[in-house]
Novice: 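Submitted below is the structure of interest, expressed as structure tokens.
Below, chains carry the letters A, B, ... as their sequence lines are ordered, and counting in each starts from 1.
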2 protein chains.
Amino acid sequence: MTVTIKDVAKKAGVSPSTVSRVLSGHPRISLETSRKVKVIMEEMGYTPNMMAKSLVSKTTNSICIILPKPAEELFSNLFFMELIRGIVTQSSRSGYDVLISSGANEKEELEAVSRLLKGRRVDGVILLYSRKDDAVIDFLQSGGYPFVLVGRSDRYEDILSVDNDNIMAAYDATNHLISMGHERIGFVSGPPNLIVSRDRLEGYRTAMQSKGLEMKNEWIVEGEFLQDSGYRAMSFFMNLPNRPTALVAVDDMVSFGVLRGLNELKYKVPEDLAIVSFNNIPLSELSSPPISSIDIGIYHLGYTASQVLIQSIQKPGNQDGYTNRFVIPHRLIVRESSMYAPGK
Amino acid sequence: MTVTIKDVAKKAGVSPSTVSRVLSGHPRISLETSRKVKVIMEEMGYTPNMMAKSLVSKTTNSICIILPKPAEELFSNLFFMELIRGIVTQSSRSGYDVLISSGANEKEELEAVSRLLKGRRVDGVILLYSRKDDAVIDFLQSGGYPFVLVGRSDRYEDILSVDNDNIMAAYDATNHLISMGHERIGFVSGPPNLIVSRDRLEGYRTAMQSKGLEMKNEWIVEGEFLQDSGYRAMSFFMNLPNRPTALVAVDDMVSFGVLRGLNELKYKVPEDLAIVSFNNIPLSELSSPPISSIDIGIYHLGYTASQVLIQSIQKPGNQDGYTNRFVIPHRLIVRESSMYAPGK
DNA sequence: CTGTGTAAAGCAAACGGTTCCATAAGGAGG
DNA sequence: CCTCCTTATGGAACCGTTTGCTTTACACAG
């Protein structure tokens, strides 16, 4: 039915090994033979069987993305899709296919990863989120399988990872507000167990300190990456005696909550409260007013993750002494929500 | 290095074929042998090599999703991610892996599909969007490869597809407004070359006609699935002498544009203009006011697509005389944007 | 005791490639 | 003219499984 290397060989009057060599560009094949074989391959519509190839070469030219379990929320969805696009684009440029996998729980996830890697269906794995993925990461590490983490992990120093410099990003965001003339700046953080929350908080603190600005404890509130947190934080802040004139929010969704609340109370943004947040989701520029945000380059994050992984697959001895943490640059996008210099 | 079926066989003192049969639950294996082999497999940490398996079985237990090219827009991203989740979940339940592929242009896309299918890397394909995919669809059809289309195609009657009943959905949306007491209802459509635009327009028309309501041409405007279209449509409608009291928009993004415009002009929703739109993206309930929307069950669309495809892979003779168009139910979610009964 | 039926397991040939080793044909050097 | 390289190709083993066909070993009927 399907045309194999042998069929091509027979028709071309050469041996299968010759055809194989033509395919792989082996140096010791005469130009004439090579051309002849190529023509015949074309004629017969030959496509190499990847399974057979993989079997002997012990290589699949494909990688796998492990999706965290639920991923139901808006930002997650946008984030993952953007990441996937970056990964798929880069992988495809490098000639790799991308598998998506996920499990209902950590056990299933581990089983899937093990099956894919030990079963030689993929050459490496991209892990999203640095939750407490101990089991999966341990498996990958002890098995010596190539993998890269998107997001930072503090537990493992020696694994490949791609991430932003969230400390610096938060520093930049805060500093932007300071340079606009703000002195009382609030911060809405995320869950304290996430490294990203901690890093961003640290960046905020550093900026405030370095400018000698006061940092009241009541100006820092914890929340989730959700609208509600913003809404609550807003009403808390606005009732403070000496309330902040600006705030940094750990995620754009939080800003939307803040915005909604301020709107209901007839406050004006940025005049009554200036806002900067993180992630620059497509909606940030669509809200009214548009929100200033730190673009973390999600697509780029995915693109680089794929690049790093494939590199590590192709030359496993990547211990060049170089770093194994890759930092994707961020970029502050200033929009209306922070374009106001407060009078003293 | 890795443990193969032969290693297991040797250690168990049986032949490789016996091990293989244990694996596949062959009936003619004694319980005793089966148990012994299983224990040893466990001990040695044996995982079957998928490539070898695929090579002989001519089956890969994996399917492929073809992502349309750019997919940069907000809705696309949300849509695709949701769809992917549905597909991955179902596939994983059926024991299939999912590959994601895309091409920069139609030619690349065709090459990728051809390579994957002819190269026996996947067993079937899920196509998203029914653009003028002639080349890819033609290839799949003429090659007899299993595939399913998400979205409707009018050109091909005999291919598997999963879709909503957009005509009925638009009918329901329109009818909802009518039953609230609206009589002058506008419609903001999408690009006329998309079937989904045409279907939704048709549903609107049917509803209006069936209630004997007048349909002025000026109440129907064409646009894109973007905010801007909504913004423009809004200002057009509001300047009409006898303007609509409600409108149906082909996509939630359009509604957001309408909302923004009305807000700027100090109009109130739903009192001055009631709104219903389609797709029920996560933001619909977060805007102010929350927007009534038709939920089209994107996750379900993906879930079903995977199901249908895998079924068709497993028993190719799926011409049971049954339909090959699978319709996913939609659901009207009524929110504040349409909760107002206009006085005459 | 021989013939037959049946259950359990082994043998070996695929599946479609790759690659090491061998071979044949020139051409160069002595 | 013979030997030795070099270059282009062929042969065959192997990658890890599956599976049709045998073989083996009993058990039982005749």
Novice: Can you tell me the distance, in whole Å, between the CG atom of B:Leu31 and the P atom of C:dA7?
Specialist: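 Interatomic distance, CG of B:Leu31 to P of C:dA7: 15 Å.
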
Novice: Hydrogens and angles aside, do A:Tyr299 and A:Thr89 bring a side-chain donor and acceptor to less than 3.5 Å of each other?
Specialist: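 A:Tyr299 vs A:Thr89: donor-acceptor pair found between side chains.
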
Novice: Name the nucleic acid region contacted by A:Gly13, choosing base, sugar-phosphate or nothing; use a 4.0 angstrom heavy-atom cut-off, strictly under.
Specialist: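 It contacts sugar-phosphate atoms only.
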
Novice: Going by modelled atom types, is there a donor-acceptor pair between the base of C:dC15 and the side chain of B:Ser54 at under 3.5 Å?
Specialist: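 Absent.
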
Novice: What is the distance, to the nearest angstrom, from the CE atom on A:Met51 to the P atom on D:dT18?
Specialist: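 These atoms are roughly 15 Å apart.
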
Novice: Look at the side chain of A:Arg21 against the base of C:dG17 and say whether a donor-acceptor pair falls under 3.5 Å; ignore hydrogens and angles.
Specialist: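 Side chain to base: no pair below 3.5 Å.
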
Novice: D:dC15 P sits how many Å from A:Asn49 CG, rounded?
Specialist: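 To the nearest whole Å, that distance equals 18 Å.
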
Novice: Which of these nucleotides, C:dG17, C:dA9, D:dT17, is closest to any side-chain atom of B:Thr18?
Specialist: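 Of C:dG17, C:dA9, D:dT17, C:dA9 is nearest to the side chain of B:Thr18.
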
Novice: I want to verify a distance call: between D:dT19, C:dG16, D:dG16, whose nearest atom is closest to the A:Val56 side chain?
Specialist: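 When the side chain of A:Val56 is considered, C:dG16 is the closest of D:dT19, C:dG16, D:dG16.
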
Novice: Give a yes/no answer on whether the side chain of A:Thr4 brings an N or O atom under 4.0 Å of OP1 or OP2 in C:dG16.
Specialist: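 Checking A:Thr4 against C:dG16: no side-chain N or O falls below 4.0 Å of OP1 or OP2.
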
Novice: How is A:Val14 classified with respect to the nucleic acid when contacts are heavy atoms under 4.0 Å: base, sugar-phosphate, or nothing?
Specialist: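 Sugar-phosphate, no base atom in range.
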
Novice: The side chain of A:Leu55 is closest to which nucleotide in this list: D:dT9, D:dG16, C:dT18?
Specialist: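 Closest nucleotide among those given: D:dG16.
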
Novice: Round to a whole Å and report the spacing from CE of A:Met50 to P of D:dG16.
Specialist: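 So the CE-P distance, A:Met50 to D:dG16, works out to 18 Å.
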
Novice: B:Arg120 CZ to C:dC15 P: how many Å, rounded?
Specialist: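 Roughly 12 Å, once rounded to whole Å.
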
Novice: Rounded to whole angstroms, how far apart are NZ on A:Lys6 and P on C:dT18?
Specialist: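 Going from NZ in A:Lys6 over to P in C:dT18 covers 12 Å.
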
Novice: Salt-bridged, A:Arg115 to B:Asp97, with N to O below 4.0 Å?
Specialist: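 Salt bridge flag = yes for B:Asp97 with A:Arg115.
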
Novice: Quiz question: by atom type and distance under 3.5 Å, do the side chains of A:Ser17 and A:Ser15 form a donor-acceptor pair?
Specialist: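 A:Ser15 and A:Ser17 do have a side-chain donor-acceptor pair below 3.5 Å.
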
Novice: OP1, OP2 of C:dG17 versus side-chain N and O of A:Ser17: anything below 4.0 Å?
Specialist: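 No, A:Ser17 has no side-chain N/O under 4.0 Å of OP1/OP2 on C:dG17.
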
Novice: For a side-chain contact (heavy atoms from CB on, under 4.5 Å) with A:Val19, tell me which candidate from A:Val14, A:Ile40, A:Ile29, A:Thr33 qualifies.
Specialist: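 That would be A:Val14.
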
Novice: Any idea which of C:dG16, D:dT18, C:dA8 is nearest the B:Thr33 side chain?
Specialist: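 Among the listed nucleotides, the one closest to the side chain of B:Thr33 is C:dA8.
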
Novice: Taking the side chain of B:Lys53 as its heavy atoms from C-beta onward, which of C:dG17, D:dT18, D:dG16 lies nearest to it?
Specialist: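 That would be D:dT18.
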
Novice: Kindly determine whether B:Arg121 and B:Ser54 satisfy side chain to side chain donor-acceptor pair (under 3.5 Å), including the steps that lead there.
Specialist: CA-CA 9 Å; B:Arg121 198 188 204 61; B:Ser54 290; over 6 Å; no

Novice: Does C:dA9 have OP1 or OP2 sitting under 4.0 Å from an N or O in the side chain of B:Ser30?
Specialist: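 True: B:Ser30 side-chain N/O within range (under 4.0 Å) of C:dA9 OP1/OP2.
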
Novice: Which nucleotide sits closest to the side chain of A:Ser15: D:dG10, C:dA9, D:dG16?
Specialist: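 Nearest to the side chain of A:Ser15 among the choices is D:dG10.
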
Novice: Less than 4.0 angstrom from a charged side-chain N to a carboxylate O is my criterion; do B:Lys107 and B:Glu111 meet it?
Specialist: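 Yes.
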
Novice: Rounded to the nearest angstrom, tell me the gap between atom CD1 in A:Ile5 and atom C1' in D:dT9.
Specialist: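 Value for this atom pair: 14 Å.
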
Novice: Please check the phosphate of D:dG16 (OP1 and OP2 only) for any side-chain N or O of A:Lys58 closer than 4.0 Å.
Specialist: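 Checking A:Lys58 against D:dG16: at least one side-chain N or O falls below 4.0 Å of OP1 or OP2.
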
Novice: Tell me which nucleotide among D:dT7, C:dG17, D:dG10 gets nearest to the side chain of A:Arg28.
Specialist: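 So the side chain of A:Arg28 is nearest to D:dT7.
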
Novice: Rounded to whole angstroms, how far apart are CG on B:Asp7 and P on D:dT17?
Specialist: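 The distance from CG of B:Asp7 to P of D:dT17 comes to 9 Å, rounded to the nearest Å.
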
